[in-house]
Amino acid sequence: MHNNSTELIERSKHGDGEAFSQLYGEYAVELYRFAIYMTGSPEDAEDAVQEAVISAWQSLHSLKDYSLFKAWLFKILSNKCKTMLMKRNRHPDSLPIEDYDFLTDNTAENLINGVELKQALASLTPPDAQIIVLSIIGGFTSQELAGIFNMTPGTVRSRQKRAIEKLKKIL
């Protein structure tokens, strides 16, 4: 985390809405992509991100270690997505593979590769798929992922390694 983010968090904790808006802007695209991954729906993703950001703003005072801000924010979002899915009687770990459209673009070659990627991701356990997606899309470190998934960094790295090996065999 760079100094500017630390300063924005500090200002936000003291009620500076503009600073918090700038912080949100740094992570908006990643948050939205992760929410689509979790919910399988752009509309649900928007709702989940909005709820997570509001919740983060309201509980920012509880954040002690500023270096964990990103992981803390994504953990809030993950919980909002899971709650939303449960309310809709959908299990958060059982999205069909067609709901991974955000991972691909529309070109024919990428569409073929995207279908293969979706099927490969669907073969992983839900936490392992989430770890892979967050590390690729969000650029999360094993330390940050450990905070999100309540695991040790070593466990995250082990799961990443096993998941990547499985993906290699499938793809």
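Owing to the predicted nature of the structure, the values given are computational and were not obtained by experimental measurement. Values below: all heavy atoms of this structure, side chains included; hydrogens, waters and symmetry mates excluded.
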TODO: Start with the C-alpha distance between S12 and Y24, add both sets of side-chain angles, then the distance that settles side-chain contact (heavy atoms from CB on, under 4.5 Å), and finish with yes or no.
DONE: CA-CA 11 Å; S12 297; Y24 165 69; over 6 Å; no

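- For A163 against D128, the heavy-atom pair with the smallest separation is CB-CB, 4.2 Å.
- In summary, K161 and E165 do not engage in a salt bridge, as defined by a charged side-chain N under 4.0 Å from a carboxylate O.
- Across Y32 and A45, no two heavy atoms sit closer than the pair CE1-CB, 3.8 Å.
- With hydrophobic clusters built from ILVMFWY side chains whose heavy atoms lie under 4.5 angstrom apart, I131 shares a cluster with I164.
- Between atom CD of residue Q22 and atom CZ of residue R11 there is a gap of 6.0 Å, rounded to the nearest 0.5 Å.
- Hydrophobic clustering (ILVMFWY, side-chain heavy atoms < 4.5 Å, transitive): F69 and L145 are in one cluster.
- Note: L134 CG to E30 CD = 9.0 Å, rounded to the nearest 0.5 Å.
- Side chain of K80 to backbone of A35: no donor-acceptor contact under 3.5 angstrom is found.
- Once rounded to the nearest 0.5 Å, the distance linking CZ of R162 with CG of L124 reads 11.0 Å.
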TODO: Given side-chain hydrogen bond (donor to acceptor under 3.5 Å, both in side chains), test S5 with E26 step by step and report yes or no.
DONE: CA-CA 9 Å; S5 294; E26 289 182 22; 3.0 Å; yes

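- L121 approaches L167 most closely through the heavy-atom pair N-CD2, 4.0 Å.
- Taking 4.5 Å as the limit, some side-chain heavy atom of T125 sits within range of a side-chain heavy atom of R159.
- Atom CD of Q143 has 12 or fewer neighbouring heavy atoms from other residues, nucleotides or ligands inside a 6.0 Å radius.
- The hydrophobic clustering, which links ILVMFWY residues whose side-chain heavy atoms are closer than 4.5 Å, places F149 and L77 together.
- When the side chains of ILVMFWY residues are joined at heavy-atom separations under 4.5 Å, either directly or via intervening members, M84 and L73 end up in two distinct hydrophobic clusters.
- In plain terms, the two heavy atoms of T141 and E144 that are nearest each other are N-OE1, 2.9 Å.
- Here the closest heavy-atom approach between residue A120 and residue S123 is recorded as O-OG, 2.6 Å.
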TODO: Give the intermediate values and the outcome of side-chain hydrogen bond (donor to acceptor under 3.5 Å, both in side chains) for residues S41 and E43.
DONE: CA-CA 5 Å; S41 158; E43 295 81 14; 3.2 Å; yes

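- Under the ring-ring contact (aromatic ring centres under 6.0 Å, His included) criterion, no residue pair touches residues 151-171, with sequence neighbours excluded.
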- [ ] Start with the C-alpha distance between K75 and N150, add both sets of side-chain angles, then the distance that settles side-chain contact (heavy atoms from CB on, under 4.5 Å), and finish with yes or no.
- [x] CA-CA 10 Å; K75 186 169 185 95; N150 293 324; 3.0 Å; yes

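- Hydrophobic clustering, with ILVMFWY side chains joined whenever heavy atoms are under 4.5 angstrom apart, groups F34 together with F140.
- One finds the CZ atom of F74 at 8.5 Å from the OH atom of Y27 (value rounded to the nearest 0.5 Å).
- Residue I76 holds its CD1 atom at 11.0 Å from CD1 of I148, rounded to the nearest 0.5 Å.
- Distance check, rounded to the nearest 0.5 Å: OH of Y66 to CD of E7 gives 11.5 Å.
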